[in-house]
> 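Shown below is the structure under consideration.
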Amino acid sequence: QVQLVESGGGLVQAGGSLRLSCAASGLTFSSYNVGWFRQAPGKERDFVAAISGGTGTIYYTDSAKGRFTISRDNAKNTVYLQMNSLKPEDTAVYYCAARLRVLTTTPDLYNYWGQGTQVTVAS
């Protein structure tokens with residue numbers, strides 16, 4: 001039974017920071033590529049950041065570069081998303097997702113998903 005559980009969301013003022021966590025179980029965590037995606041009300045689910053299970057290759061969406069950092073701790077079966085300099089447009093439900101093969105930024109290519117954690121950035 002594969003489970004991905006996000007935590008760490010909340011309400012912050014613009015310019016603030018949050019660290020999201022994605023805790024995994026039921027899979028060989030170090031073998032999986034993990035991505036962070038977000039979905040605002042009425043919007044499509046968008047890629048934010050991803051990290052590979054093997055080489056540690058990292059992708060970011062342009063709006064995340066310089067502000068967000070994705071990392072993983074395989075000993076803890078956890079992937080993190082450190083979000084700094086948050087903006088109101090970052091407001092969304094943030095999801096982590098996993099897939100076994102090569103790293104991708106496309107949401108529908110990930111087959112395991114967490115329940116999401118709400119991030120709200122006030123102006």
Side-chain angles (χ1 to χ4, degrees):
Q1 182 71 39
V2 174
Q3 289 185 307
L4 301 174
V5 180
E6 301 95 335
S7 62
L11 173 65
V12 297
Q13 295 294 314
S17 297
L18 288 171
R19 189 181 74 161
L20 306 184
S21 298
C22 174
S25 62
L27 75 174
T28 304
F29 181 72
S30 62
S31 298
Y32 277 77
N33 305 291
V34 178
W36 285 97
F37 301 84
R38 63 190 180 190
Q39 189 165 20
K43 303 292 186 180
E44 298 296 321
R45 188 179 299 166
D46 289 331
F47 168 75
V48 179
I51 186 166
S52 74
T55 64
T57 301
I58 291 173
Y59 296 159
Y60 293 107
T61 193
D62 285 344
S63 65
K65 292 178 181 177
R67 299 191 298 131
F68 295 0
T69 303
I70 189 170
S71 62
R72 66 192 299 159
D73 186 341
N74 288 336
K76 296 181 178 180
N77 288 357
T78 301
V79 168
Y80 303 97
L81 184 68
Q82 178 68 45
M83 304 189 296
N84 299 325
S85 301
L86 284 162
K87 304 173 181 179
E89 53 263 44
D90 295 318
T91 295
V93 176
Y94 283 68
Y95 300 90
C96 67
R99 72 187 303 268
L100 187 58
R101 289 195 68 189
V102 296
L103 190 64
T104 180
T105 64
T106 304
D108 60 353
L109 296 181
Y110 286 79
N111 52 331
Y112 300 111
W113 290 84
Q115 84 290 347
T117 186
Q118 177 71 48
V119 171
T120 303
V121 184
S123 61

> Parallel under 30°, tilted from 30 to 60°, perpendicular over 60°: which one fits the rings of Phe37 and Tyr110?
perpendicular

> Would you say Leu11 ends up clustered with Leu18 if hydrophobic residues are merged whenever their side chains have heavy atoms under 4.5 Å apart, either directly or through other cluster members?
no

> Check whether any side-chain heavy atom of Thr61 sits under 4.5 Å from a side-chain heavy atom of Asp46, and report yes or no.
no

> For residues Trp36 and Met83, determine if any side-chain heavy atom of one lies less than 4.5 Å from a side-chain heavy atom of the other.
no

> Taking side chain as C-beta onward, heavy atoms only, is Leu20 less than 4.5 Å from Val119?
yes

> Got Thr117 and Ser7 here, is their nearest side-chain heavy-atom distance under 4.5 Å?
no

> Which atom names give the shortest non-hydrogen contact between Ala98 and Leu27, and what distance separates them?
CB-CD1, 4.4 Å

> Considering only NZ, NE, NH1 and NH2 on the basic side and carboxylate oxygens on the acidic side, decide whether Lys65 and Asp62 come within less than 4.0 Å.
yes

> Kindly work out whether a path of hydrophobic side-chain contacts (I/L/V/M/F/W/Y, heavy atoms less than 4.5 Å apart) joins Val34 to Leu81.
yes

> Distance-only, no hydrogens or angles: does the Tyr60 side chain make a donor-acceptor pair with backbone N or O of Ile70 under 3.5 Å?
yes

> Quick check: closest heavy atoms across Ser52 and Thr55, and the distance to 0.1 Å?
OG-OG1, 3.3 Å

> Have a look at Leu103 and tell me which of Ile58, Leu109, Thr57 forms a side chain to side chain contact (heavy atoms under 4.5 Å, CB included) with it.
Thr57

> Taking all atoms of both residues into account, what is the closest heavy-atom pair of Ala40 and Ala92, and its distance?
N-CB, 3.8 Å

> Determine, using the 4.5 Å side-chain heavy-atom cutoff (strictly less than), whether Val79 and Val93 are members of one ILVMFWY cluster.
no

> Could you tell me which non-hydrogen atom of Ile51 sits nearest to which non-hydrogen atom of Gly56, and how far apart they are?
CG1-O, 4.2 Å

> Say whether, by atom type as modelled, one donor and one acceptor occur between the side chain of Arg99 and the main chain of Gly35 under 3.5 angstrom.
no

> If I compare all heavy atoms of Leu4 with all of Gln115, which pair ends up nearest, and what's the gap?
O-OE1, 3.6 Å

> Checking the side chain of Thr120 only, and the main-chain atoms of Thr91 only, is there a donor and an acceptor separated by less than 3.5 Å?
no

> Could you check if a side-chain atom of Glu6 sits within less than 4.5 angstrom of a side-chain atom of Tyr94, using non-hydrogen atoms only?
no

> Is there a side-chain contact between Ser25 and Asn77, using heavy atoms and a 4.5 Å cut-off?
no

> So how far is it from Ser123 OG to Lys87 NZ, rounded to the nearest 0.5 Å?
14.0 Å

> Please tell me whether Phe68 and Tyr80 are part of a single hydrophobic cluster in this structure, the criterion being side-chain heavy atoms less than 4.5 Å apart.
no

> So is Arg72 actually on top of Phe29's ring, under 6.0 Å and inside 45° of the axis?
yes

> For residues Val12 and Ser17, report the shortest heavy-atom separation together with the two atoms involved.
CG1-O, 4.0 Å

